[in-house]
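The residues of the chain are indexed from 1 along the displayed sequence. Order of appearance sets the numbers: ligands from 1, and atoms from 1 within every ligand.
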Amino acid sequence: MSSQTLQKTGNIYVVATPIGNLGDMSPRAVETLQSVDLILAEDTRHSKPLLQHFQIQTKCQAFHEHNEKEISEGLCQRVLQGESIAIISDAGVPLVSDPGFPLVRLAHQYKIPVLSVPGACAAISALSVSGLPTDRFSFEGFLPSKRSARQRVLNELVKESRTMVFYEAPRRLIDTLEDMQSIFGSERRVVLARELTKLFETVRNAPVSELLDFVKSDENQRKGECVLLLEGAVLEDLDASSVESKELLRILLDELPVKQSVSIAVKITGMNKNRLYQEALELKEN
Ligand code: SAM
């Protein structure tokens, strides 16, 4: 047997760190980070105070979207030769809107054990306190920052019946809520979960129009970190409103061009313009 086959493979640990409150750092996370050979951190300067606080002296290397693809192969080779490595991000669970995916995928190809050291995740924490259904949900990550692209993504979610979870930058909060209002209607419930586990933690569950007023009237609500959660569509309502809007469009299209029919239908139903336009085109084709 060659010495290589006797070599015991190390592990890769995916370690969650707090999303604000240091009390959420688990003893197992501390032990793991103290015992591995190398910590991969999204931003070493950001993680330094956390590591110092918990007396973790392990060597730390930067690991982010700009270098993770090129260094993953070398890292896997080190683990195959017996070293153990931990991945951490700036906050929460690595790989959830954070770096780490290329390395974990490659590790599976090499059959390297990838072990979880769980902890706080902003999406799951927000969901659990949101007051929206938690039995089925869809994690949508960050919406595009450009309005047209954001609206396109939101339009694709019109029929989504599960609770939707978004990460959002506070400076885009008003724009995103305005888009949600125009696409899903002002009555659809939205939850703003801000500064979770921190001093100014706020969780507000309200129809989108009300939440928009709340955020506009208090600039503090546009600071810090936030998760937005959107109530899923009630499919019977969608079907009913869709049947009614189709009927209305059919009558209008008998008398008027598409553009004018859609514009009148939007005014009457308050429904999304793009959606009605799409329906009108389908009716015209048929
Ligand atoms: N991996 C992290 C996790 O497990 O939650 C998320 C990383 S992502 C780059 C950062 C985003 O998570 C923020 O922009 C914000 O949307 C959300 N977030 C992080 N900490 C938060 C907190 N304490 N309260 C609310 N949202 C938070």
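- Nearest to atom 26 (N) of ligand 1 among the protein's heavy atoms is Val227 CG2, 3.4 Å.
- A salt bridge links Glu178 with Arg147: the closest approach of a Lys/Arg side-chain nitrogen to an acidic carboxylate oxygen falls below 4.0 angstrom.
- A side-chain donor from one of Glu140 and Ser138 sits under 3.5 Å from a side-chain acceptor of the other.
- In this structure, atom 24 (N) of ligand 1 lies nearest to the protein heavy atom Leu196 N, 2.9 Å.
- Taking only nitrogen or oxygen atoms, main chain and side chain alike, Ser89 does not reach within less than 3.5 Å of ligand 1.
- No side-chain donor-acceptor contact under 3.5 Å links Thr197 and Asn21.
- For atom 3 (C) of ligand 1, the closest non-hydrogen atom of the protein is Tyr167 OH, 3.5 Å.
- With a 4.0 Å heavy-atom cut-off, ligand 1 is reached by the side chain of Asp98 but not by its N, CA, C or O.
- The atoms of ligand 1 that sit less than 4.0 Å from any heavy atom of Glu225 are 13 (C), 19 (C), 20 (N), 21 (C), 24 (N), 25 (C), 26 (N), 27 (C).
- Scanning the protein for heavy atoms near atom 11 (C) of ligand 1, the closest one is Phe142 CZ, 3.8 Å.
- Of the protein's heavy atoms, Cys226 O, 2.6 Å lies nearest to atom 16 (O) of ligand 1.
- If you check each of Ala123, Ala122, Ala91 against atom 2 (C) of ligand 1, the one with the closest non-hydrogen atom is Ala91.
- Taking any N or O of Val93, backbone or side chain, at least one lies under 3.5 Å from an N or O belonging to ligand 1.
- The aromatic ring centres of Phe166 and Phe139 sit 6.0 Å or more apart.
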Does Ile56 form a side-chain contact (heavy atoms from CB on, under 4.5 Å) with Ile39? I'd like the steps, not just the answer. CA-CA 10 Å; Ile56 297 163; Ile39 297 172; 3.8 Å; yes
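- Residue Ala193 touches ligand 1 through its backbone alone, judged by heavy-atom distances below 4.0 Å.
- Contact annotation for Lys198 and ligand 1: only side-chain heavy atoms (C-beta onward) come within less than 4.0 Å of the ligand.
- Under a 4.0 Å criterion applied to the non-hydrogen atoms of Glu168, ligand 1 contributes the atoms 16 (O).
- Residues Val203 and Val191 have side chains in contact (heavy-atom distance under 4.5 Å, counting atoms from C-beta outward).
- Residue-to-ligand polar distances place Ile19 within reach of ligand 1: an N/O pair is separated by less than 3.5 Å.
- Applying the 4.0 Å criterion to heavy atoms of Gly92 picks out, from ligand 1, the atoms 3 (C), 4 (O).
- Using modelled atom types, one finds no donor on one side chain facing an acceptor on the other under 3.5 Å when comparing Gln61 with Thr44.
- Between Gln77 and Tyr110, the side chains place a donor N or O and an acceptor N or O closer than 3.5 Å (distance only, hydrogens not considered).
- Proximity of a side-chain donor or acceptor of Gln181 to a complementary backbone N or O of Val208 within less than 3.5 Å is not detected.
- Applying the side chain to side chain donor-acceptor pair (under 3.5 Å) test between Arg194 and each of Gln221, Glu225, Glu168 identifies Gln221 as the sole match.
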